[in-house]
Amino acid sequence: MLCHKYKKLIMKQHPLAQYLDAVPDFPKEGILFQDISPLLRDHFVATIDAMSLLFSAKEWTEVDYLVGVESRGFIFASALALKHDKGFVKVRKTGKLPNVHASMEYGLEYGTDKLEMQKGDGKKVIICDDLIATGGSMQAAAKLCNEVGYEVVGMACLVDLKALNSFSHDGMAVRSVIQFDD
């Protein structure tokens, strides 16, 4: 069940926002976790369609791959890659990817982690994740894409906790379906 504060915000939101479940004190005390599970379970196609609309038809023709940030970013990037007949590239956590070309540590809202990628090929990519909070994982993924040899032309996520970030990469903002400003 969503807390009262977020029910009020959702009324101004994309219609899909009503299917998020705000879970207090997860994964640790003081964090209000936005659980996308109910949304994906009952409205997956509509969710992918909404994320697809974050980019124009022209922009989709100029993209070669969708990059998914482990692990929930895999859901969106792979579905969008299928929908738009593009390739799929993984950004993985430490120790889960062979032939690692580069790695990067980053800060989370509640700790630190590390991401790794294989060598790129100079093609254009859109990076996808489920949620942007502080921007740490998106920033690490964007820097990794550049370091391994991809050109980042877009970034997308389902939910943006705008109150926690003002993230951009090379002047490019993350596009999102659902935004929470406070």
Donor-acceptor under 3.5 Å (Asp121 side chain, Lys123 main chain): yes
Identify the two heavy atoms, one from Met138 and one from Ile127, that lie closest to each other, and give their separation to 0.1 Å. SD-CG2, 3.5 Å
Test item: Glu151 side-chain N/O and Gly122 main-chain N/O as donor-acceptor pair under 3.5 Å: no
Does any part of the side chain of Asn146, heavy atoms only, come nearer than 4.5 Å to the side chain of Asp170, both counted from C-beta? yes
Any idea which heavy atoms bring Met117 and Cys145 closest together, and the distance? SD-N, 3.7 Å
Under 4.5 Å between any side-chain heavy atoms of Val69 and Phe76, yes or no? no
Do other residues, nucleotides or ligands put more than 12 heavy atoms under 6.0 Å from Asp85 CG? no
Out of curiosity, Phe55 CZ to His84 NE2, how far, rounded to the nearest 0.5 Å? 9.5 Å
Indicate, with yes or no, if Phe74 and Tyr65 share a hydrophobic cluster defined by side-chain heavy-atom contacts under 4.5 Å among Ile, Leu, Val, Met, Phe, Trp and Tyr. no
Side chains of Ile36 and Leu131 in contact at under 4.5 Å (non-hydrogen atoms): no
Taking C-beta and beyond as the side chain, do Met172 and Met155 meet within less than 4.5 Å on heavy atoms? yes
Run the side-chain hydrogen bond (donor to acceptor under 3.5 Å, both in side chains) test against Ser78 and tell me which residues pass, sequence neighbours left out. none
Nearest 0.5 Å, what's the OG-CD1 distance between Ser137 and Ile132? 7.0 Å
Heavy-atom nearest pair, Leu80 first then Cys128, reads CD1-SG, 3.9 Å
Taking Gln139 for the side chain and Gly136 for the main chain, is one N or O donor matched with an acceptor at less than 3.5 Å? no
Roughly how far, to the nearest 0.5 Å, is the CG atom of Asp49 from the CG atom of Leu54? 11.5 Å
With clusters defined by side-chain heavy atoms of hydrophobic residues (ILVMFWY) lying less than 4.5 Å apart, directly or transitively, does Val148 cluster with Leu97? no
Could you tell me whether a side-chain N or O of Lys83 sits under 3.5 Å from a main-chain N or O of Ser52, the two making a donor and an acceptor? no
If you take all heavy atoms of Ala81 and Gly87, which pair is closest and at what distance? CB-O, 3.6 Å
Taking Ala22's backbone N and O only, do any of them form a donor-acceptor pair with Asp35's side chain (distance below 3.5 Å, no angle check)? no
Student check: side-chain heavy atoms of Met51 and Leu158 closer than 4.5 Å: yes
Can you spot which of Lys119, Glu116, Arg92, Gln118 makes a side chain to side chain contact (heavy atoms under 4.5 Å, CB included) with Val100? Glu116
Under a 4.5 Å cut-off applied to non-hydrogen side-chain atoms, are Phe44 and Ile75 in contact? yes
Just wondering, do Val67 and Val91 contact through their side chains at under 4.5 Å, heavy atoms? yes
Would you please test Phe88 and Leu82 for side-chain contact (heavy atoms from CB on, under 4.5 Å) and show each step? CA-CA 9 Å; Phe88 170 68; Leu82 180 64; over 6 Å; no
Inter-residue atom distance Leu66.CG - Lys86.NZ, 0.5 Å rounding: 8.5 Å
Tyr150 and Val89, any side-chain heavy atoms less than 4.5 Å apart: yes
Using 0.5 Å steps for rounding, measure from the CD1 atom of Ile178 to the CD atom of Gln18. 9.5 Å
Verdict with supporting geometry, Met104 and Leu115, side-chain contact (heavy atoms from CB on, under 4.5 Å): CA-CA 5 Å; Met104 183 162 302; Leu115 295 173; 5.6 Å; no
In terms of heavy-atom contacts, Gly73 and Asp129 come closest through N-OD1, 3.5 Å
Is the backbone N or O of Asp130 less than 3.5 Å from a side-chain atom of Arg72, with the two atoms forming a donor-acceptor pair by type? no
Who pairs with Lys93 by salt bridge (Lys or Arg N to Asp or Glu O under 4.0 Å), at least two apart in sequence or on another chain? Asp113
Let's go through Leu20 and Phe180 carefully: what are the C-alpha distance in whole Å and the side-chain angles of both, what is the deciding distance for side-chain contact (heavy atoms from CB on, under 4.5 Å) to 0.1 Å, and is it a yes or a no? CA-CA 12 Å; Leu20 296 174; Phe180 291 109; 3.9 Å; yes
What are the two closest heavy atoms between Asp160 and Ser176, and how far apart are they? CB-OG, 3.4 Å
Interatomic spacing from CG in Asp21 to CG in Leu39 - rounded to 0.5 Å: 11.0 Å
